[in-house]
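To keep things clear, I will list the structure first and then write my remarks on it.
Here the structure is a predicted model, which means the values were calculated and not measured.
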Amino acid sequence: MSKVLLLCSGLKHTQEFVNPFLKRLEVYLSSHCDCVDVRNIVTFDERTFFEYDQVVFVFSTSMDSIPSSTLEIFQKLENQNKNNAEIYALIACDEFETEKCDLSARILEQWCIKENLKFKGSLKIGSMFFIMKTISSFVVANHIKAFAQKIIKHQDVHMRMTLLNERTFMKHANKYWNKEIRKKQKERKKL
């Protein structure tokens, strides 16, 4: 049994989008771990970071890269006493391509190498905003459960999932943008 820290390290305005993933992960880990502690950027105390055996960073990407709030955490942890904590990441992006999360995972991995920590892998989730508005979120739940099982077993993990393919994504995007264009056209006619 181990102590796990789930650290919602994204920007404040994006935390509401990753919170459902965070809560689901917490549920799956709680029954198998001694302690599952959930913190966000506001409640995080860098002095306690290395009291945990495993740390899971949970955030959504910002311009295909790691959010500045996560970089601030890295900076605070630079001069702290280290242990051999295992680091995982649950990274979400709004695009359907999970490749948009790759740079963030590489940055996190490089930080772990620099700080002599063990980067054990990540779960990358695409189409984040679309997932939140559909009843198909159970598909994500299955991936999060598999991710939690890897964390519990201290295994390396490299998972990715998206709810859409390119064709479906373009269909929904075009539908949205055509609606927005019609709104703008109506506004111009009123002027």
Side-chain angles (χ1 to χ4, degrees), residues 4-30 36 38-41 54-71 73 87-111 119-152 155-184:
V4 179
L5 171 63
L6 300 178
L7 182 55
C8 190
S9 65
L11 300 171
K12 273 187 184 180
H13 70 279
T14 64
Q15 289 181 6
E16 70 180 273
F17 302 115
V18 295
N19 270 344
F21 305 139
L22 178 75
K23 289 180 195 265
R24 179 79 57 173
L25 185 59
E26 180 185 11
V27 167
Y28 292 137
L29 291 172
S30 293
V36 177
V38 178
R39 301 292 173 124
N40 63 31
I41 193 73
Q54 297 170 304
V55 178
V56 182
F57 285 88
V58 180
F59 59 87
S60 64
T61 59
S62 177
M63 300 296 290
D64 298 346
S65 186
I66 212 157
S68 60
S69 51
T70 304
L71 292 174
I73 290 172
I87 308 296
Y88 291 90
L90 190 155
I91 307 169
C93 66
D94 53 349
E95 293 89 357
F96 76 94
E97 308 104 330
T98 56
E99 291 80 14
K100 299 290 184 180
C101 302
D102 289 348
L103 180 59
S104 295
R106 284 197 306 267
I107 291 170
L108 187 57
E109 183 175 14
Q110 289 303 310
W111 176 75
F119 182 70
K120 300 293 276 184
S122 61
L123 168 60
K124 301 168 188 169
I125 300 174
S127 310
M128 173 180 59
F129 296 133
F130 187 78
I131 289 169
M132 307 319 276
K133 296 179 181 178
T134 66
I135 57 172
S136 301
S137 58
F138 68 89
V139 176
V140 179
N142 290 336
H143 281 77
I144 293 174
K145 185 174 185 178
F147 181 59
Q149 290 300 317
K150 296 282 190 180
I151 293 169
I152 292 164
Q155 296 176 337
D156 289 350
V157 57
H158 302 285
M159 298 172 60
R160 55 179 71 231
M161 70 86 42
T162 187
L163 206 53
L164 303 173
N165 58 32
E166 185 176 4
R167 182 176 178 199
T168 308
F169 182 83
M170 294 304 288
K171 177 182 169 186
H172 287 284
N174 286 334
K175 188 177 179 181
Y176 170 80
W177 286 114
N178 288 332
K179 183 176 149 185
E180 290 299 312
I181 290 169
R182 284 193 294 275
K183 277 186 198 176
K184 293 292 180 188

Any side-chain heavy-atom pair of E95 and D64 under 4.5 Å: yes
When rounded to the nearest 0.5 Å, the distance separating CD1 of I125 from CG of D94 is 13.0 Å
Taking every heavy atom of K100 against every heavy atom of T61, the minimum-distance pair comes out as O-CG2, 3.9 Å
Of all heavy-atom pairs linking S9 and P67, the shortest is O-CG, 4.4 Å
Any side-chain heavy-atom pair from S68 and L11 closer than 4.5 angstrom? yes
Hey, are the side chains of L5 and Q54 touching, using non-hydrogen atoms and a 4.5 Å cut-off? no
Which of I66, T14, V18 passes side chain to side chain contact (heavy atoms under 4.5 Å, CB included) with F59? Answer is I66
Minimal heavy-atom distance between L123 and R160, with the atoms involved, is CD1-N, 4.3 Å
Could you check whether any side-chain heavy atom of F57 comes within less than 4.5 Å of a side-chain heavy atom of L90, counting everything from C-beta outward?
no
Sub-4.5 Å side-chain heavy-atom contact between Q110 and F119:
no
Checklist entry - Hey, does N40 have a side-chain heavy atom less than 4.5 Å from the side chain of Q15? => result yes
Correct closest heavy-atom pair for I151 and L25 would be CD1-CD1, 4.4 Å
Does any non-hydrogen side-chain atom of F147 lie less than 4.5 Å from one of Y88? yes
I'd like to know if E180 pairs up with K183 as an ion pair, taking the criterion as any Lys NZ or Arg NE/NH1/NH2 lying under 4.0 Å from an Asp or Glu carboxylate oxygen. yes
Heavy-atom side-chain contact between V27 and R24 under 4.5 Å:
no
Closest heavy-atom pair, V4 versus V56, reported as atoms and distance to 0.1 Å, is CG1-CG2, 4.3 Å
All heavy atoms of T98 vs all of G126, minimum pair found to be CG2-N, 3.5 Å
Check: T162/S127 side-chain N/O donor and acceptor closer than 3.5 Å
yes
